[in-house]
Number of protein chains: 2
Amino acid sequence: MASQRGEGETTATPLEPADRERARAIPEAAVARLAVYLRVLSGMADQGVTAVSSEELSQAAGVNAAKLRKDLSYIGSYGTRGVGYDVEVLVSHIERILGLTRNHSVAVVGIGNLGHALANYGGFPGRGFPVTALFDVDPDLIGIPVGGIPVNHIDEITAVCLEREVSIGVIATPPPAAQSVCDRLVSAGVQCILNFAPVVLQVPDNVEVRKVDLAVEMQILSFHVARRADEAASVSDGNGLGVDGMVIRP
Amino acid sequence: MASQRGEGETTATPLEPADRERARAIPEAAVARLAVYLRVLSGMADQGVTAVSSEELSQAAGVNAAKLRKDLSYIGSYGTRGVGYDVEVLVSHIERILGLTRNHSVAVVGIGNLGHALANYGGFPGRGFPVTALFDVDPDLIGIPVGGIPVNHIDEITAVCLEREVSIGVIATPPPAAQSVCDRLVSAGVQCILNFAPVVLQVPDNVEVRKVDLAVEMQILSFHVARRADEAASVSDGNGLGVDGMVIRP
DNA sequence: TCGACTTTGTGCGTGCGTTCACAAGCGGTA
DNA sequence: TACCGCTTGTGAACGCACGCACAAAGTCGA
């Protein structure tokens with residue numbers, strides 16, 4: 001982590017002070033949507049589309065057109081009134097704001113089913129996220145290359161992360177190991193963590209954690225299944241009476 | 001597997017009308033947190049803890065205590081003032097609200113790296129989500145069991161989903177196939193979809209979609225890396241010190 | 001050059017979700 | 001039984017984000 005930004009020359013495009021100001025003010029929700037816009041725009045660019053209106057783009061991204069324009073306004077005014085947005089221009093500005101002009105070296109910890117899948121994505125979806133280090137505790141895995149990267153023992157995490165300038169750590173371990181792995185990543189200077197383990201991680205303030213929690217996602221869906229089923233039931237059973245005779249539906 | 005929910009008598013515990021009313025009013029964000037509370041509580045129950053205060057529970061779940069109490073109040077008043085909550089009671093009420101008293105049969109479409117990983121979880125984290133069907137287009141995969149379930153051809157999706165009463169579809173296909181798979185799931189009567197493909201799915205209003213988007217997650221982290229780097233840069237124009245006094249430039 | 005049309009950028013009202021703060025309620029204790 | 005301390009449950013204030021609606025600003029055709 002120490003020399004992530006090289007001295008003198010850096011591969012990353014630094015943000016203009018005006019943009020810094022902006023970046024600080026972008027709502028988290030808008031950042032997530034910007035990433036979606038970026039993907040849609042990239043797809044359009046690949047198909048030779050050069051210009052797009054907020055209406056078209058918003059529809060492709062599945063959001064409200066006004067919201068999209070507001071989101072884009074957070075990063076500056078790069079549209080042309082009466083015409084729309086230049087796809088290339090928008091792509092490059094979103095990439096810049098999202099920090100995608102620099103490479104983010106990724107380490108995956110826990111090479112089980114999920115870890116394998118993640119490692120094999122190799123250079124994550126959307127590029128710019130090369131997986132450069134893999135870790136596990138299983139002696140049978142150490143040294144075996146997965147997706148082209150040999151697996152290191154987890155004890156080497158600090159040294160390897162520093163050496164390869166890992167900026168994002170992905171935790172794909174069993175739940176009991178997650179917090180300990182997290183602590184090690186943090187002490188190796190990793191400030192951004194993507195956590196697949198169903199555990200609430202405790203981290204210092206200066207570390208950013210995003211969690212991907214399958215169980216929670218499934219349970220949210222389950223909630224909706226149940227809600228739907230109950231709505232259907234309450235329509236079909238037809239008495240509209242609550243537990244103690246209280247009328248729920250007027 | 002065909003008779004997961006018997007005809008006539010259902011294994012699912014129906015919600016009382018009073019709870020139905022409540023379930024409808026629970027904010028989406030709160031539902032997600034309830035799932036987290038549930039996991040923490042289950043862990044506590046396994047360790048023999050029988051009672052817990054909102055303060056303890058909120059800390060373990062990584063949220064504000066007041067928010068936790070409000071979240072719990074959405075599902076009813078099951079705490080004891082001056083004491084706290086009974087773990088078992090809370091677990092069973094959250095399970096009921098989230099619809100976890102019934103089994104939710106899951107189909108995974110796209111048996112690549114990720115699909116394999118998902119299928120092998122076998123009965124999803126937290127139980128209650130048995131994977132009962134797998135689909136792919138690759139002829140080499142058809143019939144091969146993964147995690148105990150043989151892979152079906154995707155053309156059989158409607159028949160198999162209906163037969164096995166699939167209520168949740170998981171899309172783990174390459175992006176170009178996702179929308180088509182989604183359409184097929186919907187026409188097979190699946191109303192809840194968990195989408196891992198980096199595509200914005202278009203679905204009818206009565207279908208619930210949750211998406212897990214690795215690229216977006218990585219890019220959000222990237223944004224934070226960039227923001228941090230810029231903050232450090234704007235601070236360090238002289239002292240070379242980072243946020244917590246750590247030397248960024250040796 | 002002018003006018004009509006199109007689309008952006010944004011000020012503002014609205015609604016939802018979070019947080020605060022306190023009254024209500026319960027168990028323990030004298 | 002009456003009091004005390006603790007914790008819940010929730011009313012109310014706050015803040016953020018969404019969406020509307022419109023002015024500003026640009027293009028295109030005449």
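Letters go in sequence order (proteins before strands), and every chain restarts at 1.
Computed from coordinates, the D71(A) CG to dT10(C) C1' distance equals 13 Å when rounded to whole Å. K67(A) places its NZ atom 17 Å from the C1' atom of dC12(C), with the value rounded to the nearest Å. Rounded to whole Å, atom C1' of dT8(D) lies 13 Å from atom CG of L57(B). Y74(A) places its OH atom 7 Å from the P atom of dA17(D), with the value rounded to the nearest Å. Atom C1' of nucleotide dT10(C) and atom CD1 of I26(A) are separated by 16 Å, given to the nearest angstrom. Between the CG atom of L90(A) and the P atom of dT8(C) there is a distance of 10 Å, rounded to whole Å. Atom pair E55(B):CD and dA21(C):P shows a separation of 15 Å (rounding to whole Å applied). One can place CD of E28(B) at 18 Å from P of dA17(D), the figure rounded to the nearest angstrom.
An OP1 or OP2 oxygen of dT8(C) is reached within less than 4.0 angstrom by a side-chain nitrogen or oxygen of S54(A). Using a 4.0 Å cut-off, no side-chain N or O of N64(A) falls inside it from OP1 or OP2 of dA17(D). For Y85(A) and dG9(C), the shortest distance from a side-chain N or O to OP1 or OP2 is below 4.0 Å. Neither OP1 nor OP2 of dT7(D) sits under 4.0 Å from any side-chain N or O of Y78(B).
For the side-chain contact (heavy atoms from CB on, under 4.5 Å) test with V87(A), the passing option among L57(A), D46(A), L41(A), V40(A) is L41(A); the others fail.
Within 4.0 Å of A29(B), counting heavy atoms only, lie sugar-phosphate atoms of the nucleic acid but no base atom.
In this structure, the nucleotide among dG27(C), dT10(D), dA17(D) sitting nearest to the side chain of S73(B) is dT10(D). Which of dA21(C), dG9(C), dG9(D) sits closest to the side chain of A66(B) comes down to dA21(C). The side chain of R81(A) lies closest to dA24(D) when the candidates are dA24(D), dG19(D), dA12(D).
Residues G82(A) and G79(A) each lie close to DNA chain C; by heavy-atom proximity, the contact nearer the 5' end of the strand is made by G82(A). Residue-to-nucleotide proximity on DNA chain D shows that, of R69(B) and R33(A), the 5′-proximal contact is made by R69(B). With the nearest nucleotide of DNA chain D identified for both A30(A) and V83(A), A30(A) has the one nearer the 5' end.
Remark: the backbone N or O of N206(B) is paired with a side-chain donor or acceptor of R228(A) at under 3.5 angstrom. Side chain of S42(B) to backbone of L38(B): a donor-acceptor contact under 3.5 angstrom is found.
Within a 6.0 Å radius of CD in E88(B), no more than 12 heavy atoms belonging to other residues, nucleotides or ligands are found.
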(request) Start with the C-alpha distance between E28(A) and H224(B), add both sets of side-chain angles, then the distance that settles side chain to side chain donor-acceptor pair (under 3.5 Å), and finish with yes or no. (result) CA-CA 10 Å; E28(A) 185 84 6; H224(B) 289 292; 3.3 Å; yes
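Interface remark: the K70(B) side chain does form a donor-acceptor pair with the dT19(C) base, using a distance-only criterion of under 3.5 Å.
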